[in-house]
Amino acid sequence: MSEKTLILIKPDAMERGLAGKIINRLEDKGLKIVGMKMLQLDDAILNEHYAHLKDKPFFQGIVNYMKSTPIIAMVLEGEGAVEVVRKIVGATRPWEAEPGTIRGDLAIGLPGNLIHASDSPETAETEIKRFFKEDEIFNWNRKLEYYFERH
Ligand code: ADP
């Protein structure tokens, strides 16, 4: 089923000039960009986004890292997009991420694992609303849509 997922291109990717490479990998797979913008995250949005980690000793480190540069937020759409993107992104800990994944090929430490991707369709819905207004999402159809669908 066609679904949407949220991606954040994190500060280490911005610093290292890897934003284009990361976007390429996701576009190459056949995912459609339906939202994209650059923004500076602040404490309020990060406390919400990483609420599930607020008791971890490294929580403030993540917040500082995520605020350290502007980031790129994207909404991608496609068949099974949430799971497909998580597979392309790879495991949270880059040293455990499989070669061939973004984190497996391009990252080695933490918190610098280059990219955030929603981990379930429910989370994706919440996260898309957290970062995008309704009129920032574009419902457009590609002429080649047929080739990206499951028939
Ligand atoms: P994911 O981003 O893969 O969904 P989590 O939600 O568990 O993973 O963690 C959110 C982010 O917090 C990670 O992507 C990473 O940037 C950072 N992080 C996770 N675990 C650690 C850790 N042990 N030390 C430092 N940073 C971490």
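When a ligand or atom number is given, it counts from 1 through the structure's own listing order. All residue numbers refer to positions in the sequence shown, counting from 1.
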message = Could you report the tightest heavy-atom contact between Gly109 and Pro94, atom names first, then the distance?
response = O-CG, 3.1 Å
query = So, does Arg93 sit close enough to ligand 1 that a heavy atom of it is under 4.0 Å from the ligand?
reply = no
message = Count I, L, V, M, F, W, Y as connected when their side-chain heavy atoms are under 4.5 Å apart, and connections chain through other members. Are Met36 and Phe131 then in the same cluster?
response = no
Shortest protein contact, atom 16 (O) of ligand 1 (heavy atom only) = Pro111 O, 2.8 Å
ask   = Which protein non-hydrogen atom lies closest to atom 17 (C) of ligand 1, naming both residue and atom, and how far is it?
value = Ile62 CD1, 3.6 Å
request  = Assess Lys37 against Phe132: is NZ or CZ under 6.0 Å from the centre of the six-membered ring, and within 45 degrees of the ring's axis?
outcome  = yes
ask   = Where does Lys56 meet ligand 1, judged by heavy-atom distances below 4.0 Å: at the side chain, the backbone, both, or neither?
value = neither
note = Between Ala107 and Leu114, the two heavy atoms sitting closest are CB-CD1, 3.9 Å
request  = May I ask you to identify the nearest protein heavy atom to atom 23 (N) of ligand 1, giving residue, atom name and distance to one decimal place in Å?
outcome  = Phe58 CE2, 3.3 Å
message = Is there a path of hydrophobic side-chain contacts, each under 4.5 Å between heavy atoms, that joins Leu31 and Ile22?
response = yes
ask   = Are any of the heavy atoms in His52 under 4.0 Å away from ligand 1?
value = yes
query = So which protein heavy atom does atom 2 (O) of ligand 1 come closest to, and at what separation?
reply = Arg103 NH2, 3.5 Å
ask   = Given Ile115, which of Leu8, Leu26, Leu106 fulfils the side chain to side chain contact (heavy atoms under 4.5 Å, CB included) condition?
value = Leu26
request  = Would you check whether Ala117 has a nitrogen or oxygen atom less than 3.5 angstrom from a nitrogen or oxygen atom of ligand 1?
outcome  = no
task = Please state which part of Leu53 comes within less than 4.0 Å of ligand 1, counting heavy atoms only: side chain, backbone, both or neither.
result = side chain
message = Any atom of ligand 1 sitting under 4.0 Å from a heavy atom of His49?
response = no
query = Tell me the salt bridge (charged side-chain N to carboxylate O under 4.0 Å, His left out) pairs involving residues 90-118, sequence neighbours left out?
reply = Arg25-Asp105, Arg93-Glu96
request  = Look at atom 3 (O) of ligand 1 and say which protein heavy atom is nearest, naming residue and atom and giving the distance to 0.1 Å.
outcome  = Thr92 OG1, 2.5 Å
task = Decide whether the shortest distance between a heavy atom of Asn113 and an atom of ligand 1 is less than 4.0 Å.
result = yes
inquiry  = For Met66, state whether at least one heavy atom is located under 4.0 Å from any atom of ligand 1.
reply    = no
ask   = Closest non-hydrogen protein atom to atom 4 (O) of ligand 1, residue and atom name please, with distance?
value = Arg86 NH1, 3.0 Å
request  = Start with the C-alpha gap between Ser2 and Glu149, add the side-chain angles, then the distance that decides, and say whether side chain to side chain donor-acceptor pair (under 3.5 Å) holds.
outcome  = CA-CA 8 Å; Ser2 184; Glu149 288 167 356; over 6 Å; no
note = Heavy-atom nearest pair, Ser118 first then Ala124, reads OG-CA, 3.4 Å
